[in-house]
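Reviewing the structure listed below.
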Amino acid sequence: MNIASLFYPTEKIVGLEISKQYIKAILLKKSKEGVFMVGRSYVELEDGLIEDNKIRDKKKFIEILDKFKQENKDIFKSNNIVLSIFSNFIFTNFSSFPNLDYESLNKAVNLSLSTDMFFPDDVANIYYDWEEIPRKMPDRSDIFISFAKKENINGYIDVVSDAGFDLVAVEFMGRSMARVVYNFSENPGIIVDILIDGINFSVAFGGKILFSNFYKMPNIKSKEEFNKFVKNMLIKVVNFYNTDKESSGEVRDIVVIFPYKEKKEIIDYLKLETKLNFVDLAFDPGISKSITDIVDDFWISTFGSAIRGIIPREEDRDISLMNIGTEESFRKRKLMSYIYLWGDILSVVTIFFAILFSVSMFFMNVILTNITAKLSQLQVSVSISSEMKMMMKEAEKFNILVDRALEIKTRDFNLKKIVDDISELVPQNSIIPLIFELGFPNESVSLRVVASNSKTAFEFRDKIKGSNKFTDVKMPILGIDQREDVTFNISFKVINK
C-alpha cells in the first residue's frame, strides 16, 4: 500500500473521445512498473446525430452518454474526464518570445493573447490556451496556441456535463495523438490522421504539438483522386513547416493514422510519390506491452487523452479549451474529496480508539477486582518496631518546626525596621535591590542588587560595614570588566540590642 496516496489520493480520470462516428473511453492506471489499462469501450453513433461538428439532438446524445457510463462502470469509477473532440473547428498558431522562466513567460503570453489583435474574433467569443513547445536552439521560447469559438466547444461541454461528467480538460484529437507518438521524441514528425470528412495534419515533437491543421475532404469520386488529395496536402504541410518553423528542425518521419485495411496501399503510394520516410506507430517504452498490443489507429487519440488523465494535475500545462471556472470547480471537488476522505479516516480512528479504551477499561477493572480480592485474603504482618521508628521520625520533624516557631515568636524581631535600616544606607537612585533573603535564627541578610557603577557598589558595602546595626559584612570581589550596571551579592547579620 502506498501511504502517500492517503495524503495525496490519485484522481481517476477517464480519457473520453467524441467523434462523428463514435464515443470512446479509456481508463489507465500508473504504477512503479509502468502504465496499465484498466478498461476501454466504445459505442457507435447513428448517422446524422453530429453534423457540421454540431450535436443535432442533445437530449438523445445525453441519453447515449448516460447509458454508456452505466454499462461501463469498471471504466467510469469517477466522473472526471479529459474530453478529446474534433480538430475540424480548432484553430492553431505559433509564436515566439524571449527566453524566459515559466512564470515570466506565462505573464508575457497571457498579456499578448488578451488583446483582440491576436485572434480573428473577439476574445470574449472564444476559448484559447497555449503551451510551451520544445526548441533545439534555447535562445527563445516558442509556444503553440490553440483557440476555438465558444459556441462550437460549449455544445460538447454541455452534453457531457448534463450526463454527469466532470470536465478536467478539453483538447482536440491532434493534441491527444501528439502526446503518445514516441517516434518523434528526438526530431519533429508529422501525424497524418485520415478521417471520413477530411485529414488532420499535426507536427509533433517530444510529446508536444508544434502545428495542426485540418483539410476538409473535397468531393472525391475515385481512389486515385483521394490518394492525390492526401499527397498534395501532405507536401503542402511539409513545405510550410520546414520553411516557417526552423527552431525545432525539419520534419523527418511521418506516421499515418487510418484504421482501415487500405492503409498500407495509401502509404505505399505516398512513399512512391513524395520520397518521404513513413514509419510505424511507436509508443513510450514505459507503456506496458499489454497496452501497445491493443492500442491501434482506432484507439490512438482516446489513448492520448487517457494518458493526460494520469498526469498529476499540478504538472499538467497542456492546452485546454474550456472555461477556467470549470477547471477551478474540478479543483474544488478534489479538495472536498480530500476533506471527506480525511473526515472518514478520523471517524474510523475515533471509533477504534473508543472501542480500544472501553475494552482496556473492562480488562483493567477485572484485574483490579482480582488484585483487591487477593489482598483481602493475605495476612500482612507489619513490624511494630518499624511503625514506632516511623512515628518517632515524624514527631522529631514536628518538634523542630514547633521550636523554630517559638523562637521566632520570642525574639524581638521587626522585619520592617531591618528594611528601613538598610534603605537609609542605599545611595539615592544608584542601587536597585533585586532579591532580599532573611535567615533564621541568626537574622542573616542576603541581598542581590544592581549598582549604577562599581564605585557605588563599594560605597554601599562600606556604609553597611560602618553601621552599628549590622555585622559580618561579606561581598565577593567584583570583576575587572564590571564598571557600569554592576550586579553583585552582599550578605551581613543583624545586631540584636
Side-chain angles (χ1 to χ4, degrees), residues 15-24 26 42 45 50-55 81-94 119-121 126-131 133 143-157 160 167 169-181 184 188-205 207-218 229-230 233-234 236-238 240-241 245 251 254-260 281 297-308 318-322:
L16 184 72
E17 177 187 318
I18 297 177
S19 66
K20 189 174 182 178
Q21 296 173 285
Y22 302 98
I23 298 174
K24 308 174 194 175
I26 291 179
Y42 75 94
L45 300 175
I50 296 179
E51 288 291 344
D52 297 327
N53 305 320
K54 290 183 172 60
I55 300 172
I81 62 168
V82 171
L83 179 62
S84 184
I85 56 177
F86 303 102
S87 302
N88 310 32
F89 51 80
I90 308 295
F91 300 94
T92 64
N93 207 334
F94 170 91
F119 302 108
D121 200 350
I126 61 173
Y127 291 125
Y128 64 89
D129 202 359
W130 65 275
E131 62 182 84
I133 55 180
I143 65 168
F144 174 80
I145 306 159
S146 180
F147 56 97
K149 289 186 177 181
K150 287 183 177 180
E151 60 180 342
N152 292 331
I153 300 288
N154 285 341
Y156 295 91
I157 291 177
V160 296
L167 280 164
V170 177
E171 62 184 18
F172 58 95
M173 296 175 191
R175 179 64 191 91
S176 301
M177 292 181 187
R179 187 176 294 111
V180 294
V181 176
F184 311 136
I190 297 178
I191 303 171
V192 182
D193 185 19
I194 303 175
L195 306 166
I196 60 171
D197 53 352
I199 307 173
N200 192 77
F201 295 91
S202 301
V203 178
F205 179 27
K208 296 289 188 178
I209 187 166
L210 312 184
F211 168 84
S212 181
N213 200 28
F214 178 81
Y215 294 95
K216 188 175 181 180
M217 194 75 70
F229 171 70
V230 176
M233 294 302 101
L234 176 59
K236 182 178 180 179
V237 170
V238 170
F240 169 76
Y241 184 82
K245 306 294 186 300
V251 295
I254 297 169
V255 170
V256 175
I257 306 297
F258 188 55
Y260 299 100
L281 177 63
D297 290 6
F298 181 80
W299 290 104
I300 183 66
S301 54
T302 317
F303 178 62
S305 61
I307 284 289
R308 184 170 187 175
D318 293 348
I319 58 170
S320 179
L321 299 175
M322 58 190 278

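Owing to the predicted nature of the structure, the values given are computational and were not obtained by experimental measurement.
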Closest non-hydrogen atom pair between M217 and I199, with its separation:
CE-CG1, 4.4 Å

Step through it carefully: locate the ring centre of F214, locate the ring centre of F86, and say whether they are under 6.0 Å apart.
no

Would a 4.5 Å heavy-atom cut-off, applied to side chains only, mark N152 and K54 as touching?
yes

Can you tell me how far CG of L210 sits from CD1 of I190, rounded to the nearest 0.5 angstrom?
10.5 Å

Do S146 and I90 come close enough that some side-chain heavy atom pair is under 4.5 Å?
yes

Please confirm whether Y215 and F201 have ring centers closer than 6.0 angstrom.
yes

Interatomic spacing from CD1 in I23 to CG in L16 - rounded to 0.5 Å
7.0 Å

Can you name the residues that form a side-chain hydrogen bond (donor to acceptor under 3.5 Å, both in side chains) with S176, not counting sequence neighbours?
S84, E171

I need the minimum non-hydrogen distance between M173 and S19, along with the two atoms involved.
CE-CB, 3.5 Å

Residue from F91, F205, F144, F240 passing ring pair (Phe, Tyr, Trp, His ring centres under 6.0 Å) with F211:
F240

Would you say the side chain of Y156 lies within less than 4.5 Å of the side chain of I50, judging by non-hydrogen atoms?
yes

Hey, could you give me the CG/OG distance between D193 and S301, rounded to the nearest 0.5 Å?
6.5 Å

Show your working on side chain to side chain contact (heavy atoms under 4.5 Å, CB included) between D318 and K208 and close with a plain yes or no.
CA-CA 8 Å; D318 293 348; K208 296 289 188 178; 2.9 Å; yes

Between I191 and L281, does the side chain to side chain contact (heavy atoms under 4.5 Å, CB included) criterion hold? Intermediate values first, please.
CA-CA 10 Å; I191 303 171; L281 177 63; over 6 Å; no

Within 6.0 angstrom of K150 NZ, more than 12 heavy atoms from elsewhere
yes

Taking D129 for the side chain and S320 for the main chain, is one N or O donor matched with an acceptor at less than 3.5 Å?
yes

Does a side-chain heavy-atom distance below 4.5 Å link I18 with L83?
yes

For G155 and I55, the nearest pair of non-hydrogen atoms, with its separation, is O-CD1, 3.9 Å

Measure the shortest side-chain to side-chain distance between I209 and F172 over non-hydrogen atoms and say whether it is less than 4.5 angstrom.
yes

Could you measure the distance from the CD1 atom of I145 to the CZ atom of F94? Nearest 0.5 Å is fine.
9.0 Å

Aromatic ring proximity, centroids under 6.0 angstrom, Y42 and F298:
yes

Euclidean distance, L167 CG relative to M322 CE, rounded to 0.5 Å
5.0 Å

Non-hydrogen atoms of S212 and N200 that approach each other most closely:
OG-ND2, 3.4 Å

Can you give me the closest heavy-atom contact between Y127 and L321, atom names plus distance?
O-CD2, 3.7 Å

Looking at T302 and G15, what are the two nearest heavy atoms and their distance?
CG2-O, 3.6 Å

Which distance, rounded to the nearest 0.5 Å, do you find between the CG of D197 and the CG of N53?
7.0 Å

Residues V180, I300; criterion side chain to side chain contact (heavy atoms under 4.5 Å, CB included); working and verdict
CA-CA 8 Å; V180 294; I300 183 66; 3.5 Å; yes

Step by step, work out the side chain to side chain contact (heavy atoms under 4.5 Å, CB included) result for I153 and F89.
CA-CA 9 Å; I153 300 288; F89 51 80; 3.7 Å; yes

